[in-house]
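The next block holds one structure in the form of structure tokens; read it before the comments.
Keep in mind that the numbers below use all heavy atoms, side chains included, and drop hydrogens, waters and symmetry copies. Here is how names work: the chains are called A, B, and so on, in the same order as the sequence lines, proteins then strands, and each is numbered from 1.
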Amino acid sequence: MEASMYKTIRCGDVRAGDIGKEVTLAGWVDRWRDHGGVIFLDIRDRWGVVQVTANPELAAAAHETAARLRNEFVVQIRGIVRRRPAGMENPNLATGEVEVESREVEVLNAALTPPFNINEESPVDENVRLKYRYLDLRRERLQKNLVLRHKITKFMRDYLDPLGFIEVETPILFKTTPEGARDYLVPSRVHPGCFYALPQSPQQLKQLLMVAGVERYFQIARCFRDEDQRGDRQPEFTQLDLEMSFVHRDDVLDIIEGLFTELIPAVAPHKKIQQTPFPRLTWTDAMNRYGIDKPDLRFGMELCDASGVFAKSEFKVFQEALKSGGVIKCISVPGCAAYSRKDVDDLMAFAREQGGQGLATVAYTGEGVKGSVAKFVAAGEAAALKQLTGAADGDLILLVADTIMTANKVLGALRLLFRDRLNLADKNKISLVWILDFPMFHWNEEEKRWEAEHHAFTMPKEADLPKIDTDPGSMLSDAYDLVINGTELGSGSIRIHRADIQHKVFERIGLSEEEIRGRFGHLLEAFEYGAPPHGGMAPGIDRLAMVLADEPNIREVIAFPKNQQALDVMADAPSPADPRQLKELHIRLLDER
RNA sequence: GGGGGCGUGGUGUAGCUGGCCUAACACGCGGCCCUGUCAAGGCCGAGAUCGCGGGUCCGAAUCCCGUCGCUCCCGCCA
């Protein structure tokens with residue numbers, strides 16, 4: 001019931017209890033219907049729509065003004081709340097029992113005809129929507145998404161405060177990080193040739209806050225990464241950044257799990273969390289069973305290792321794969337045994353896109369075993385495969401013979417393809433799963449060096465520390481991911497809090513003494529002054545909102561997003577800089593365009 | 001960097017095996033009519049040369065080549 005200078009009641013709040021009252025409304029014309037005599041106006045504000053009547057016999061001037069109104073005009077209306085005549089109520093409207101009989105209608109601002117309809121959810125070319133983002137945001141869909149985001153961040157703050165967390169802001173102008181994504185750079189005017197970097201995350205800063213004795217920190221933090229866009233990636237995005245001191249892994253997991261277990265029903269009651277406590281998978285299990293480190297557990301179709309079944313296979317491709325240390329893995333696709341040659345060819349093309357060599361199929365039809373490798377499959381093998389996968393007649397087995405990495409990747413991608421094609425995942429289910437025990441390092445073949453799988457601040461498993469010089473590839477770390485419906489919601493880890501271990505890890509990933517000192521001197525020094533053991537996590541708020549709002553795209557949950565080319569088409573950013581500005585910044589442009 | 005899809009009035013689509021397209025339909029827009037509608041209704045009307053450039057052809061929105069833009073995916077995203 002917020003009153004203001006312009007309105008005594010919100011449009012969406014007018015109810016039967018207000019009948020007889022004089023009210024003043026202000027809002028936008030959502031629709032208007034001129035019946036020759038009486039004119040009906042639907043006036044909209046953020047809280048809803050209310051019908052206003054303009055009757056020439058009751059208020060001639062108001063009626064005259066009402067006749068000139070068009071969609072999206074901004075108006076202020078003084079009138080009396082009336083019960084609608086019997087039979088004229090509109091049950092689709094929260095305000096449908098009543099209407100406002102206008103006495104005065106004032107145009108606060110006229111409006112051009114909008115480039116698309118504000119009052120309905122018709123599809124519109126996204127470029128047009130982005131150009132007129134302020135109009136798109138006026139529509140119900142994005143209004144709802146803005147409110148959802150607000151509820152999410154408000155819930156997070158309210159949840160964490162009583163647990164002793166404090167929100168601390170960290171700088172946007174910071175320092176470039178080696179490894180990781182490309183940085184956005186900001187040139188310094190005062191220091192020619194020097195640049196700030198926008199943080200890819202407040203990682204180092206929150207660790208320094210732990211050294212500072214904050215113990216429990218969080219921030220609704222903006223992060224910047226200059227990489228190519230995806231449906232779930234923007235150059236700038238928001239995380240719930242969180243860090244705790246004196247914790248083991250499970251302390252962090254418990255806090256985060258408690259937060260989401262309560263948050264989701266509170267802000268998205270129609271969504272049901274599939275399983276609490278959240279299931280926990282090791283990274284190795286996730287890869288073996290789902291072929292991916294962010295499995296969607298809303299459906300089965302797990303990967304099976306059929307290497308044993310085909311150990312003595314006559315099929316050359318299978319023989320070769322096994323001989324060279326590879327595997328034969330498969331998934332069973334329900335009800336697709338009747339796939340045509342073309343259907344299967346399309347799947348093969350898809351498998352190749354994912355990096356596979358090809359795809360073999362075995363179809364259990366009513367008339368026996370069919371499929372691309374049917375003639376190489378012995379009866380015993382067919383039966384064993386059927387038992388291994390649990391396939392029924394009518395199912396199609398997709399087999400990949402390759403390195404374990406590639407087989408997992410291809411089948412994991414196929415599993416998701418069929419999730420969407422066969423509608424295997426319930427929209428209103430939320431599968432949240434922890435992925436634990438990630439490898440500490442992976443080998444970068446191109447650069448011929450070890451890289452941190454999670455990031456360089458992650459604590460290796462204590463027991464694996466001795467292997468850092470001898471066998472880094474087999475080391476596990478105390479890193480963890482939280483996965484929601486097959487999307488990485490966030491990741492975190494227990495951090496290194498000792499300068500000697502941190503230094504060792506930097507060395508392992510190929511940083512020189514000079515680089516270590518130049519880039520991380522402050523951190524290593526800080527660790528020498530009593531750094532507590534600590535760890536944390538950073539769930540992505542945009543991705544969470546996207547899933548909870550059933551949006552297919554991250555742009556739908558960001559007020560002013562950039563398009564795939566990282567352009568803001570509304571403001572036309574980025575744009576060329578004024579030569580004077582460039583000069584001040586000591587920047588000369590190369591002659592490319 | 002690579003691959004797929006799309007690009008027709010303000011918006012969404014149809015047309016796209018070339019000629020009947022002087023480009024259709026819906027919404028929106030403008031005018032007129034109508035005192036109870038609420039996706040109001042009726043009548044009338046304006047509005048696109050089919051992303052751009054080139055080519056084939058007697059003839060192209062429709063075929064070919066190039067190019068630009070948007071989008072999805074791979075690479076990339078510690």
Discussion item. Measuring from the side chain of A:Glu126 (C-beta onward, heavy atoms only), which nucleotide among B:C29, B:U71, B:G12 has the closest atom?
Written reply: B:U71
Fill in: Smallest separation among heavy atoms of A:His442 and A:Ala452, with atom names
CE1-O, 3.9 Å
Worksheet item: So what does A:Lys131 touch, heavy atoms closer than 4.0 Å: a base, only the sugar-phosphate, or nothing?
Response: nothing
Discussion item. Categorize A:Ser122 for me: base, sugar-phosphate, or nothing, with a 4.0 angstrom heavy-atom threshold over every strand shown.
Written reply: nothing
Practice prompt. Identify, with sequence neighbours excluded, every residue that meets side-chain hydrogen bond (donor to acceptor under 3.5 Å, both in side chains) alongside A:Glu447.
Written response: A:Arg449
Item to complete: Would you please confirm or rule out a distance under 4.0 Å between OP1 or OP2 of B:C70 and any side-chain N or O of A:Asn563?
Response: yes
Practice prompt. Any pair with a residue in residues 557-574 of chain A that passes side chain to side chain donor-acceptor pair (under 3.5 Å), sequence neighbours left out, goes on the list, sorted by first then second residue, please.
Written response: A:Glu236-A:Lys562
Worksheet item: Of the nucleotides B:C72, B:C70, B:G28, which has the atom closest to the A:Asn127 side chain?
Response: B:C70
Worksheet entry | Those residues that, when tested against A:Glu556, pass salt bridge (Lys or Arg N to Asp or Glu O under 4.0 Å) (two or more places apart) | A:Arg129, A:Arg141
Worksheet item: Does A:Lys461 reach the main-chain N or O of A:Met475 with its side chain, forming a donor-acceptor pair under 3.5 Å?
Response: no
Worksheet entry | P gap between B:C27 and B:C38, integer Å | 15 Å
Fill in: Under-4.0 Å salt bridge between A:Arg83 and A:Glu97
yes
Discussion item. Show, in sequence, the C-alpha distance, side-chain angles and deciding distance for A:Val100 and A:Val98, and conclude whether the side-chain contact (heavy atoms from CB on, under 4.5 Å) test is met.
Written reply: CA-CA 7 Å; A:Val100 175; A:Val98 296; over 6 Å; no
Worksheet entry | Working for side chain to side chain donor-acceptor pair (under 3.5 Å), residues A:Gln51 and A:Asn90 | CA-CA 10 Å; A:Gln51 175 165 284; A:Asn90 184 346; over 6 Å; no
Worksheet item: Looking at residues 76-95 of chain A, who's got a heavy atom less than 4.0 Å off RNA chain B?
Response: A:Arg84, A:Pro85, A:Met88, A:Glu89, A:Asn90
Discussion item. For A:Pro115 and A:His442, find the nucleotide of RNA chain B closest to each by heavy atoms; which residue's nucleotide sits nearer the 5' end?
Written reply: A:Pro115
Worksheet entry | P gap between B:U17 and B:C73, integer Å | 30 Å
Discussion item. The side chain of A:Gln564 is closest to which nucleotide in this list: B:C74, B:G31, B:U71?
Written reply: B:U71
Fill in: Opposite nucleotide pairing with B:G28, Watson-Crick or G-U, both atom distances under 3.5 Å
none
Discussion item. Nearest to the side chain of A:Arg233, heavy atoms from C-beta on, is which of B:C73, B:C29, B:C77?
Written reply: B:C77
Discussion item. Going by side-chain hydrogen bond (donor to acceptor under 3.5 Å, both in side chains), name the residues that satisfy it together with A:Lys175, two or more places apart in sequence or in a different chain.
Written reply: none
Worksheet item: Which nucleotide in the list B:C73, B:C77, B:G36 gets nearest to the side chain of A:Thr53?
Response: B:G36
Discussion item. Using the C1' atom as the point on both nucleotides, what is the distance between B:C20 and B:A60, in whole Å?
Written reply: 15 Å
Worksheet item: Hey, can you pull the residues of residues 488-500 of chain A with a non-hydrogen atom under 4.0 angstrom from RNA chain B?
Response: none
Worksheet item: Expressed in whole Å, how much space separates the P atoms belonging to B:U22 and B:G59?
Response: 15 Å
Worksheet item: What do you reckon, do A:Phe40 and the base of B:U37 stack, with centroid distance below 5.5 Å and planes below 30°?
Response: yes
Worksheet item: Considering only side-chain heavy atoms of A:Asn117, which listed nucleotide, B:G12, B:C77, B:C27, is closest?
Response: B:C27
Worksheet item: Got a sec, which residues hit salt bridge (Lys or Arg N to Asp or Glu O under 4.0 Å) with A:Lys131, two or more places apart in sequence or on another chain?
Response: none
Worksheet item: Could a donor-acceptor pair under 3.5 angstrom be found where the side chain of A:Arg70 meets the base of B:G30?
Response: no
Worksheet item: If you look at every strand shown and take non-hydrogen atoms under 4.0 Å, does A:Asn71 touch a base, only sugar-phosphate, or nothing?
Response: sugar-phosphate
Less than 3.5 Å apart, which donor and acceptor atoms pair up between the side chains of residues 533-543 of chain A and the rest of the protein, not counting sequence neighbours?
unit_1   : atom_1 : unit_2   : atom_2 : d
A:His534 : ND1    : A:Pro532 : O      : 2.8
A:His534 : NE2    : A:Gln207 : NE2    : 3.0
A:Asp542 : OD1    : A:Arg149 : NH1    : 2.8
A:Asp542 : OD1    : A:Arg149 : NH2    : 3.3
A:Asp542 : OD2    : A:Thr238 : N      : 2.8
A:Arg543 : NE     : A:Asp232 : O      : 3.2
A:Arg543 : NH1    : A:Glu488 : O      : 2.9
A:Arg543 : NH2    : A:Asp232 : O      : 3.4

Worksheet entry | Plane angle bin for A:Phe438 and A:Trp283 - parallel if under 30°, tilted between 30 and 60°, otherwise perpendicular | tilted
Response to the item:
Those residues at least two apart in sequence (or on a different chain) that pass side-chain hydrogen bond (donor to acceptor under 3.5 Å, both in side chains) with A:Asp481 are none
Practice prompt. Would you classify A:Glu453 as touching base, sugar-phosphate or nothing, given that sugar-phosphate means primed atoms plus P, OP1 and OP2, and contacts are heavy atoms under 4.0 Å?
Written response: sugar-phosphate
Worksheet entry | Any residue of residues 28-37 of chain A with a heavy atom less than 4.0 Å from an atom of RNA chain B | A:Arg31, A:Arg33, A:Asp34, A:His35, A:Gly36, A:Gly37
Worksheet entry | Nucleotide B:C74, atom C1' - distance to CE of A:Met405 in whole Å | 15 Å
Worksheet item: Side-chain N or O of A:Gln565 less than 4.0 angstrom from OP1 or OP2 on B:C70?
Response: yes
Discussion item. What's A:Glu451 touching, base or sugar-phosphate or nothing? Going by heavy atoms closer than 4.0 Å.
Written reply: nothing
Discussion item. Between the base of B:G36 and the side chain of A:Glu99, is there a donor and acceptor pair under 3.5 angstrom?
Written reply: yes
Worksheet item: Just checking A:Leu567: base, sugar-phosphate only, or nothing, at a heavy-atom cut-off of under 4.0 Å?
Response: sugar-phosphate
Worksheet item: Under 4.0 Å between a side-chain N/O of A:Asn553 and OP1 or OP2 of B:U71, yes or no?
Response: no
Fill in: Side chain of A:Gln51 (C-beta onward), nearest among B:C72, B:C27, B:U37
B:U37
Worksheet item: Given B:G12, B:C29, B:C72, which nucleotide is nearest the side-chain atoms of A:Asp125?
Response: B:G12
Discussion item. Please list all pairs meeting salt bridge (charged side-chain N to carboxylate O under 4.0 Å, His left out) that have one or both residues in residues 407-424 of chain A, counting only residues at least two apart or in different chains.
Written reply: A:Asp296-A:Arg419
Item to complete: Would you indicate, yes or no, if B:G75 has its OP1 or OP2 atom less than 4.0 angstrom from a side-chain nitrogen or oxygen of A:Lys409?
Response: yes
Practice prompt. Would you classify A:Asp346 as touching base, sugar-phosphate or nothing, given that sugar-phosphate means primed atoms plus P, OP1 and OP2, and contacts are heavy atoms under 4.0 Å?
Written response: nothing
Worksheet, complete the sentence: Winner on side-chain proximity to A:Val128, out of B:C72, B:U11, B:C74, is B:U11
Worksheet item: Looking only at atom C1', what distance separates B:C50 and B:U13, rounded to whole Å?
Response: 13 Å
Discussion item. According to ring-ring contact (aromatic ring centres under 6.0 Å, His included), who are the partners of A:Trp28, at least two apart in sequence or on a separate chain?
Written reply: none
Discussion item. What's A:Ser201 touching, base or sugar-phosphate or nothing? Going by heavy atoms closer than 4.0 Å.
Written reply: base
Worksheet item: What is the pairing partner of B:G69, taking Watson-Crick or G-U wobble pairs with both distances under 3.5 Å in any strand?
Response: B:C6
Discussion item. Counting the atoms with a prime plus P, OP1 and OP2 as sugar-phosphate, which does A:Ala452 contact under 4.0 Å by heavy atoms, base, sugar-phosphate, or nothing?
Written reply: sugar-phosphate
